[in-house]
Amino acid sequence: MNYWLLKSEPGTYSIDHLRQYPEQRDHWDGVRNYQARNFIRDRMKIGELCFFYHSNCSCPGIVGIVKIVSTPYPDFTAFDPDDVHFDPKSQPDNPRWYMVDVHFQRKLKRTISLQELKQYRELEEMPLVKRGNRLSVMPVATHEWQFILSLESA
DNA sequence: GCCAACGTTGGC
DNA sequence: GCCAACGTTGGC
């Protein structure tokens with residue numbers, strides 16, 4: 001059982017956007033990085049939990065939890081010339097990019113900011129807190145997951 | 001809005 | 001296969 005962290009820019013797609021979808025469920029499209037793609041395509045499983053992280057905003061940090069509710073499948077937005085995530089190199093018979101469906105679980109009682117996450121030695125191995133990190137999908141170790149949840153009520 | 005850090009592209 | 005140029009990410 002893996003845990004994950006998913007980044008999204010709240011100006012484009014926040015956790016409240018997901019929450020407003022029918023059944024509070026949506027596909028996680030637009031990942032266009034190979035390392036992130038490999039995590040999705042090769043390792044994500046139905047039922048696994050992910051932190052929802054807001055990036056590139058006034059207070060970057062973890063804001064909630066979502067659950068993976070589909071197996072990985074080709075990201076169809078790559079096939080659509082009118083989509084911002086269109087990639088002509090991805091073809092339906094040989095897809096380059098993958099996604100999963102996620103289901104809103106809950107928001108955290110408070111945003112656990114990047115600034116705070118950087119303070120703890122328990123989390124210093126997370127790619128998220130390392131300098132220059134740009135990975136938008138990353139695994140979270142079980143002890144990191146539990147530690148971060150323990151901060152929620154602190 | 002700035003800009004450092006990073007991943008990708010493509011000429012050679 | 002190298003690496004400079006380029007575009008993007010994302011904190012600040």
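Protein chains get the first letters and strands the later ones, always in sequence-line order, with residue 1 at the start of each.
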| query | Can we call the ring centroids of A/Y73 and A/Y98 under 6.0 Å apart? | reply | no

| query | Atom CG of A/L135 and atom P of C/dG10: how far apart are they, to the nearest Å? | reply | 9 Å

| query | Expressed in angstrom and rounded to an integer, what is the separation of A/E9 atom CD from C/dT9 atom P? | reply | 7 Å

| task | Decide yes or no on salt bridge (Lys or Arg N to Asp or Glu O under 4.0 Å) for A/R121 and A/E124, but give the supporting numbers first. | result | CA-CA 5 Å; A/R121 297 206 58 189; A/E124 66 189 11; 3.6 Å; yes

| Just how far, in rounded Å, is P of C/dG7 from CG of A/D87? | 17 Å

| Option passing side-chain hydrogen bond (donor to acceptor under 3.5 Å, both in side chains) with A/D101 (candidates A/H27, A/K67, A/R25) | A/R25

| message | Whole angstroms only, please: what is the CD-P distance between A/Q115 and C/dC12? | response | 7 Å

| message | Using a strict threshold of under 4.0 Å (side-chain N to carboxylate O), is an ion pair present between A/E125 and A/K130? | response | yes

| message | Taking only side-chain N and O atoms of A/K130, does any of them lie within less than 4.0 angstrom of OP1 or OP2 on C/dG10? | response | no

| query | A/D75 pairs by salt bridge (Lys or Arg N to Asp or Glu O under 4.0 Å) with which of A/R41, A/R32, A/R96? | reply | A/R32

| message | Whether A/K7 contacts C/dG10 is assessed here as follows: a side-chain N or O lying under 4.0 Å from the phosphate OP1 or OP2. Is that the case? | response | yes

| note | When rounded to whole Å, the CG to P distance for the pair A/L128 and B/dA5 reads 17 Å

| message | Minimum heavy-atom separation for A/V31 and A/W97, please, with both atom names. | response | O-CE3, 3.6 Å

| Nearest nucleotide by nearest heavy atom, which residue falls closer to the 5' end of DNA chain B, A/R96 or A/G132? | A/G132

| request: Please state whether the phosphate of B/dA4, meaning OP1 or OP2, lies under 4.0 angstrom from any side-chain nitrogen or oxygen of A/R131. | output: no

| Below 4.0 Å: OP1/OP2 of C/dG11 and any side-chain N or O of A/Y53 | yes

| query | Within this structure, what is the CZ-to-P distance between A/R37 and B/dT8, rounded to whole angstrom? | reply | 10 Å

| field | Consecutive-pair stems (3 or more, Watson-Crick or G-U, under 3.5 Å) for DNA chain B | value | B:1-12 with C:1-12

| note | A/L5 CG to C/dG10 C1', in whole Å, measures 14 Å

| Any chance CD of A/E152 has more than 12 other-residue heavy atoms, nucleotides or ligands included, within less than 6.0 Å? | yes

| said: In whole Å, I'd like the distance from the CH2 atom of A/W97 to the P atom of B/dG7. | reply: 13 Å

| request: Assign each of A/N56 and A/K89 to its nearest nucleotide of DNA chain B by heavy atoms, then name whichever residue's nucleotide is nearer the 5' end. | output: A/N56

| Proximal nucleotide (of B/dG7, C/dG11, C/dG10) relative to the A/S136 side chain | C/dG10

